[in-house]
Amino acid sequence: MVIRLPKTATRSLAVVLLLLGITYMGAFEYIREGSRRPFTLYGHIYANSILVKDLEAVQENGILASAKWIDKEISAENRLVVGRQLFNIMCSPCHSVGGPMRDIKKMSAKYESVYAMEAEISGQGRLIRCMPLFAGNTQERHALAAYIIEGLHGRKEQTTPPPQLSAPPLAPLPFDPEQDGYVLLAWNSLGMHSISDADGTFSLMPPANDLFAQLIKRGPIPEVVTEGVALSFRVEPGFEKPAGQVGFWKDLPALFGRSLPDNIGLSGQGLSGVMQLKQAGRSFVAEKVPVVPYPAQGGYQPYPSFTIEARDKTTNTLLAATRMVAPVATEMGCKTCHGGGWRRGNTGISTAAAQDILTMHDRFHKTKLAAQAKAGKPVLCQSCHPDPMLNAPGKAGLLNLSASIHGFHANFLGGRGAEACALCHPSSPQGATRFLRGVHHEAGLDCTTCHGALEDHALALLLAEKQAGKPGAQRLMQHLTPQGATPLAGIQPRTPWLQQPDCLTCHVNFGPPETDSAFNVWTTGADALYRNRHDDAGSIHCAGCHGSPHAEYPATKLRPPAVSGQPLSAGRQPQLQGLPHRGHGHGPAPPQRPGHDAQHPGIARTTFPVILRRPTLSKGVGRRHVRQHSFGTSFLPENLTTCSPQTTPRTRAAPPKVWAA
């Protein structure tokens, strides 16, 4: 019948049959090759022609050592040439350059730097199982990443100076050491509160800063005042209306299932108001204050300040006032690997980056979050993942949010020390926030000193989830190797936010540091956290005198400018200078000496500074004092001259003279 057809029809039929045959065979080959990736012969040889049994040796010695007809050395001059040769060996069996099949240029377009491309290469074969593990060494990985980013995309590494932040100077609040009867301590529970600022796409952490304060009556025996007084707070001008800067309030119904008036936070607090007596009646707290780092006049300021005032409830007399910073950052570095750039300036997660994060989540976990966000329903990460920080129960069987994020990214960012932390957290010295403001940072310590390298940090979190019977933990752990001295069997599991490195690991009995690593010794629970811990008498918060986490300092080292006239650095919140710990309720009492107070062991009245000893409050102030019998530190009001991060190297000041009567 075909022979009898007209010649035109015969040719057309032949073309149709040819196309059908090619389509059939092409689809068959595509499915066959895809189903056995990353192997050519399953379990025996990888697609890049490396035998499975040889992979470990190749990784140890490098690809160049065994490859033929290829440069054996990598230099600054030939690294792109060698990178192309490595691409031909390792990548070209599956990836084209500008072609229709897995175009490497298209698939790598979102990576903005060689560093980011290296991270992606590091994760191949770990969580992305369709590709083999990268068989080269660190130099070869860098050369390959450089060829893709610089050779194919033409992007050059750019070194830019850190952004310069500016803020109007804050005048010191008045304090008369001869007349004033009170001092007011104030601090923030976190050294840096990061918010995701991914408007309309997802929420990782909402704007919610916790402010704490304690009012101290001065005298021979300092007293914590908890009754008959009202403590209020207010943000500095320009930060009163965060709803005009971020889309959080518009997204609240989809994220948290509730609506709130603009500029009111999740606890019902605004940017000014009255603080509530909490923490077992020890301190006043303003919870979840929705401050953001975007002032109305524009720019980025991660250290907005609050003024705290204590007044007599009966007479409304001002007893004491202080200033503190409430650090808040939107400098999450997701764009480094997810593309899209910053949302504004050098901060914020752009819509493109946020969408790519959800797309990758969909790819790995078969979810439909990207489509949900595009449909106008932004995603709350804690709606699925448990999170002690927000008291979110999440869904049964899923890893908690911190274990998920750190465990996943440790597979891509391993072996990079504190640099890995700075890719996501606002700790980079070249970043816009530079939130490491404490004495530990000044002494040369970094994130890994307390939290461990990213792999160790992730393993501690994942081990706790594995013990809880969550299957996802082992999948993230299987390719992670501890980087510190502690082997995997010795790493102690921990719960995020509730179990953190313990200060007393280094500062045994509250003394000078005896070691330089606090990793793997966790606090027993929330009460033992630095931000919640008190002195031995149970009265004064550690952070009240030593500053917020990551902005901590020795009480004997600094003096506020209201007294000394010296400027402060990087949003510091100094309140005092005074005596060593063992003189104010930490550890054993000092030996008795002339002037020792036998009624109150652990203090010597003659050593109290004039700032503590001076006046007695006027009569008639309704209050109940919680006596603090073993506290001998001199309190000074917290006054700031600037809340801008310091951009010049810090120098350690000489210990100030102790104020004495």
- request: Please confirm whether the backbone N or O of Gly191 pairs with a side-chain atom of Ser548, one donor and one acceptor, at under 3.5 Å?
  value: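 Looks like no, no N/O pair under 3.5 Å.
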Would [X] and [Y] pass as an ion pair if we require N to O under 4.0 Å?
X: Glu552; Y: Arg437; value: no
X: Lys335; Y: Glu112; value: yes
X: Asp356; Y: Lys110; value: yes

Does the plane of the ring in [X] sit parallel, tilted or perpendicular to the ring in [Y]? Use 30° and 60° as the thresholds.
X: His550; Y: His451; answer: tilted
X: Phe87; Y: Tyr147; answer: tilted
X: His385; Y: His361; answer: perpendicular
X: Phe519; Y: Trp522; answer: perpendicular

message: Using the rule given for side-chain contact (heavy atoms from CB on, under 4.5 Å), can you reason through Glu331 versus Trp342, listing the C-alpha separation, both sets of side-chain angles and the distance that settles it, and then say yes or no?
response: CA-CA 9 Å; Glu331 190 191 351; Trp342 295 112; 3.9 Å; yes
- prompt: Once you round to the nearest 0.5 Å, how far does CD1 of Ile491 lie from CG of Leu459?
  reply: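 Between Ile491 CD1 and Leu459 CG, I get 5.0 Å after rounding to 0.5 Å.
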Does [X] reach the side chain of [Y], with side-chain heavy atoms less than 4.5 Å apart?
X: Pro496; Y: Pro388; value: yes
X: Tyr300; Y: Thr330; value: yes
X: Thr449; Y: His440; value: no
X: Leu255; Y: Phe202; value: no

Ring centers of Tyr115, Tyr111 separated by less than 6.0 Å: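 When the ring centroids of Tyr115 and Tyr111 are compared, they turn out to be at least 6.0 Å apart.
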- prompt: Around Gln478, counting heavy atoms of other residues, nucleotides and ligands shown, do more than 12 lie under 6.0 Å from its CD?
  reply: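 Atom CD in Gln478 is packed in, count exceeds 12.
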message: Can you tell me if Lys470 has over 12 outside heavy atoms packed within less than 6.0 Å of its NZ?
response: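 Above 12, so yes.
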message: Is it true that Asp197 and Tyr294 share a donor-acceptor pair across their side chains at a distance under 3.5 Å?
response: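 Yes - a donor-acceptor pair under 3.5 Å links their side chains.
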